[in-house]
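Okay, so here's the structure we're looking at.
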Amino acid sequence: MTAAPLTFSPEVEQALAEKRPVVALESTIITHGMPYPQNLEMARNVEQVIRDNGAVPATIAVMGGQIHIGLTDATLQALAQTPPEQAMKLSRADLAVCLANGRTGATTVAATMICAALAGISVFATGGIGGVHRGAETSFDVSADLHELAQTPVTVVAAGAKAILDLPKTWEVLETLGVPVIAYGQDELPAFWSRSSGIPAPLRMDSPAEIAAAARMRAALGLKGGQLVANPIPPEDEITQSEILPVILKALDEAEVQGVAAKSVTPFLLQRIFELTEGRSLSSNIALVMNNARLAAEIATEMSKAA
Ligand code: PSU
Ligand code: MN
């Protein structure tokens with residue numbers, strides 16, 4: 001059997017060998033989630049936040065037939081300037097084909113989880129996971145991120161699912177799949193740009209140590225899959241639900257009129273919401289990513305203490 005083609009940055013390789021805390025980061029948010037140059041600034045800053053909080057960042061992407069675990073600044077720059085149509089948006093379904101063909105690909109939450117688990121990394125920070133799209137009852141558009149959470153043992157820190165989605169349906173599917181959805185420090189699930197969603201959280205935890213202990217317990221029980229930590233955006237950066245909802249609805253309407261479908265839906269909506277909020281959605285998105293990185297570094301630190 002061929003071994004998985006993993007290429008580690010020296011920093012990540014050393015940290016893993018010494019069992020120091022490492023936090024995985026995805027790359028679709030860079031190529032398809034944010035415009036240049038804010039995407040590059042975000043990618044650099046999120047790595048710095050992880051270092052400042054005592055862990056080593058491992059941004060993950062596919063290039064030249066290798067899964068890169070930890071990128072150099074030059075690679076990060078090149079990726080941030082790659083037009084979305086030139087980088088494959090990789091989920092579980094496309095990862096092997098991208099590697100076999102030697103193409104460049106950015107990893108979504110699902111693909112980043114797979115690569116992190118292969119590399120021995122158990123914590124991953126992102127913005128928002130994919131989920132059940134509005135209108136999924138006819139489009140069947142449900143992100144593979146949900147199924148990945150059910151089968152790959154990585155703790156994912158996100159600000160909830162992206163609010164462009166059908167949030168109640170997303171949480172229902174996660175429950176069905178047996179994924180622990182843990183709200184951090186509040187009783188309600190957050191909704192990406194907003195702190196509240198009106199939906200009670202199935203589980204709540206208030207410290208990184210508890211979250212690390214829950215991950216260990218899942219492993220001890222032999223339960224497959226990871227856990228989702230839903231970390232609310234800081235109050236000073238949020239856009240309230242009443243403000244953002246009309247914008248989301250307008251963007252969804254435009255997507256329908258223009259026939260946007262499949263993998264293009266999420267990038268299209270994020271870009272339109274960015275334009276319609278005159279950039280505010282992007283500043284909030286960046287702020288919540290930093291906030292998630294901080295918590296992920298703390299969780300990774302707790303996990304490495306017990307290892
Ligand atoms: N978080 C963000 N912006 C993004 C994403 C996450 O703040 O662009 C990406 C993630 O990579 C996630 C993907 O896995 O959007 C979901 O895409 P889809 O709905 O097509 O599964
Ligand atoms: Mn989809």
Side-chain angles (χ1 to χ4, degrees), residues 24-36 38-39 42-43 45-46 59-62 79-80 84 87-95 105-116 124-136 138-149 152 154 156-167 169-170 173-174 190-194 226 228-231 233 237-239 244 248 251-252 255 260-274 277 280-293 296:
L25 296 164
E26 61 153 309
S27 42
T28 294
I29 190 170
I30 303 173
T31 52
H32 295 73
M34 291 182 188
Y36 180 83
Q38 289 95 332
N39 59 351
M42 181 281 303
N45 290 345
V46 72
T59 304
I60 295 178
V62 172
L79 205 61
M88 288 176 78
K89 178 178 163 186
L90 302 176
S91 191
R92 169 169 281 262
D94 347 72
L95 188 57
T107 53
T108 61
V109 168
T112 306
M113 287 179 76
I114 295 171
C115 299
F124 160 30
T126 183
I129 61 160
V132 181
H133 280 267
R134 294 169 195 245
T138 50
S139 70
F140 276 51
D141 191 349
V142 177
S143 177
D145 292 354
L146 303 184
H147 292 270
E148 207 56 52
L149 281 160
T152 303
V154 175
V156 179
V157 183
K162 283 189 279 289
I164 52 175
L165 301 165
D166 187 323
L167 296 180
K169 287 196 182 72
T170 299
V173 170
L174 285 170
F192 198 66
W193 294 290
S194 323
L228 176 64
V229 177
N231 186 28
I233 184 173
D237 300 303
E238 83 162 330
I239 310 179
I244 198 77
I248 294 172
L252 282 163
V260 181
K263 278 178 185 257
S264 309
V265 174
T266 299
F268 175 88
L269 293 174
L270 291 176
Q271 173 61 25
R272 276 307 284 147
I273 294 167
F274 165 70
T277 59
R280 250 186 94 202
S281 66
L282 180 60
S283 340
S284 291
N285 196 344
I286 292 170
L288 65 84
V289 171
M290 301 305 151
N291 191 47
N292 296 340

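Indexing begins at 1, ligand by ligand and atom by atom, following the structure's order. Numbering of residues begins at 1 and proceeds along the displayed sequence. Reckoned from all heavy atoms, side chains included, excluding hydrogens, waters and symmetry mates.
At least one donor-acceptor pair under 3.5 Å links the side chain of Asn39 to the backbone N or O of Ala80. Of the possible polar contacts, none joining the Asp166 side chain to the Arg134 backbone as a donor-acceptor pair under 3.5 Å is found. A donor-acceptor pair under 3.5 Å is absent between the side-chain atoms of Thr31 and the main chain of Pro84, judged by distance alone. A donor-acceptor contact shorter than 3.5 Å links the side chain of Thr28 to the backbone of Thr107.
Every N/O-N/O distance between His32 and ligand 1 stays at or above 3.5 Å. Checking only distances, Ile129 never comes within under 3.5 Å of ligand 1, N or O to N or O. At a 3.5 angstrom cut-off on N or O pairs, Asp145 counts as close to ligand 1.
Using a 4.0 Å cut-off between charged side-chain N and carboxylate O, Lys263 and Asp94 make a salt bridge.
Looking at Met34 against ligand 1, nothing comes within 4.0 Å, counting heavy atoms. Of all the heavy atoms of Val109, the ones lying under 4.0 Å from any atom of ligand 1 are found in both the backbone and the side chain. Heavy atoms of Asn285 found under 4.0 angstrom from ligand 1 belong exclusively to the side chain. Residue contacts with ligand 1, taken as heavy atom pairs separated by less than 4.0 Å, involve Lys162 solely via side-chain atoms from C-beta onward. Counting heavy atoms closer than 4.0 Å to ligand 1, residue Leu270 contributes side-chain atoms (C-beta onward) but none from N, CA, C or O. If you look at Thr108 next to ligand 1, the close heavy atoms, those under 4.0 Å, come from the backbone and the side chain alike. The proximity of Val265 to ligand 1, defined as any non-hydrogen pair under 4.0 Å, does not occur for either the backbone or the side chain.
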Item to complete: Determine, stepwise, if the pair Leu288 / Asp237 fulfils side chain to side chain contact (heavy atoms under 4.5 Å, CB included).
Response: CA-CA 8 Å; Leu288 65 84; Asp237 300 303; over 6 Å; no

Worksheet entry | Criterion side chain to side chain contact (heavy atoms under 4.5 Å, CB included) on His32 and Thr266, from CA distance to verdict | CA-CA 9 Å; His32 295 73; Thr266 299; over 6 Å; no

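Under the 4.5 Å side-chain criterion, counting only non-hydrogen atoms from C-beta, Asn292 is not in contact with Thr126. A 4.5 Å side-chain heavy-atom check between Val109 and Phe124 finds at least one atom pair inside the cut-off. Proximity of Ile273 to Trp193: side-chain heavy atoms (C-beta onward) are separated by under 4.5 Å at one or more points.
Set against the non-hydrogen atoms of Phe192, the atoms of ligand 1 under 4.0 Å away are 7 (O). Taking every heavy atom of Thr126 and a limit of under 4.0 angstrom, the matching atoms of ligand 1 come to 1 (N), 6 (C). Near His133, the atoms of ligand 1 lying under 4.0 angstrom from a non-hydrogen atom of the residue are 19 (O). Near Thr266, the atoms of ligand 1 lying under 4.0 angstrom from a non-hydrogen atom of the residue are 15 (O), 17 (O), 18 (P), 19 (O), 20 (O). The ligand atoms of ligand 1 that sit less than 4.0 angstrom from a heavy atom of Gly33 are 8 (O).
Nearest N, O or S atom of Asp141 to the Mn ion (ligand 2): atom OD1.
Here the closest heavy-atom approach between residue Ser194 and residue Ile233 is recorded as C-CG2, 3.9 Å.
The option with the heavy atom closest to atom 18 (P) of ligand 1, from among Lys89, Glu26, Lys263, Gln271, is Lys89.
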